[in-house]
Undergrad: 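After the structure tokens below, expect a handful of questions from me.
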Amino acid sequence: PAFYPLVKTGKSKAIQPLCRYLSHKMAVWRQTAIQALSEIPSPEVVQILETHLASERDAKVRSALFYIVQTMHSELSSGRK
């Protein structure tokens, strides 16, 4: 799937289609969706990713997701991105 072009064409419109991939059976697709969602700096996305963190079953994806959530919190609170 072309995740990043989707993000660039309409960030708020991209959230729900990308969220569908958070439950994909392949970890690489979940990871790619998480990376793409991280390009949409919003409290809504942070909440979605935090919720997903509790259910992510792959250790590598979970680790990257934790880092992304922390980074997004920091960026949103400082007004960056």
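FYI, the numbering just counts along the sequence from 1. Predicted model only: the values in this text are computed from it and were never measured.
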Undergrad: May I have all residue pairs that pass salt bridge (charged side-chain N to carboxylate O under 4.0 Å, His left out) and include part of residues 63-72, sequence neighbours excluded?
TA: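 Sorted result for residues 63-72: empty, none.
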
Undergrad: Are the side chain of Thr51 and the backbone N or O of Gln47 linked by a donor-acceptor pair below 3.5 Å?
TA: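 Yes; judged by distance alone, with no hydrogens or angles, the pair exists.
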
Undergrad: Can you check whether Val28's main-chain N or O pairs, donor with acceptor, with Thr32's side chain at less than 3.5 Å?
TA: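 A pair under 3.5 Å: yes.
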
Undergrad: Which residue is it: Ile48, Ile40, Val46? I am looking for the one with a side-chain contact (heavy atoms from CB on, under 4.5 Å) to Glu44.
TA: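 Looking at Ile48, Ile40, Val46, the match for Glu44 under the side-chain contact (heavy atoms from CB on, under 4.5 Å) is Ile48.
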
Undergrad: Quick check for you: to the nearest 0.5 Å, what is the distance between Ile68 atom CD1 and His73 atom NE2?
TA: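 The CD1 atom of Ile68 sits 12.5 Å away from the NE2 atom of His73.
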
Undergrad: If you measure from CD on Gln35 to CG on Leu65, what distance do you get to the nearest 0.5 Å?
TA: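 Here the interatomic distance stands at 9.5 Å.
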
Undergrad: Restricting to salt bridge (charged side-chain N to carboxylate O under 4.0 Å, His left out), what partner residues turn up for Arg62, sequence neighbours left out?
TA: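 Partners of Arg62 by the salt bridge (charged side-chain N to carboxylate O under 4.0 Å, His left out) criterion come out as none, since no residue qualifies.
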
Undergrad: Can you measure from CD (Glu50) to CE (Met72) and round to the nearest 0.5 angstrom?
TA: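 Nearest 0.5 Å value for the CD-CE distance: 9.5 Å.
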
Undergrad: Identify the two heavy atoms, one from Leu18 and one from Ala33, that lie closest to each other, and give their separation to 0.1 Å.
TA: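 Where Leu18 meets Ala33 most closely, the heavy atoms are O-CB, 3.7 Å.
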
Undergrad: To the nearest 0.5 Å, tell me how far Gln31 CD sits from Glu56 CD.
TA: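 Answer for the CD-CD pair, Gln31 versus Glu56, is 8.5 Å.
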
Undergrad: For the residue pair His24 and Trp29, categorise the inter-ring angle as parallel (less than 30°), tilted (30 to 60°) or perpendicular (more than 60°).
TA: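 Rings of His24 and Trp29: parallel, as their planes differ by under 30°.
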
Undergrad: Under a single-linkage definition using a 4.5 Å side-chain heavy-atom cutoff for Ile, Leu, Val, Met, Phe, Trp and Tyr, are Phe66 and Leu37 assigned to the same hydrophobic cluster?
TA: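 Shared cluster, yes.
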
Undergrad: Between Arg30 (side chain) and Lys25 (backbone), is there a donor-acceptor pair under 3.5 Å?
TA: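 Judged by distance alone, yes, a pair lies under 3.5 Å.
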
Undergrad: Is there a side-chain contact between Ile34 and Ser38 (heavy atoms, below 4.5 Å)?
TA: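 No; the side chains remain at least 4.5 Å from each other.
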
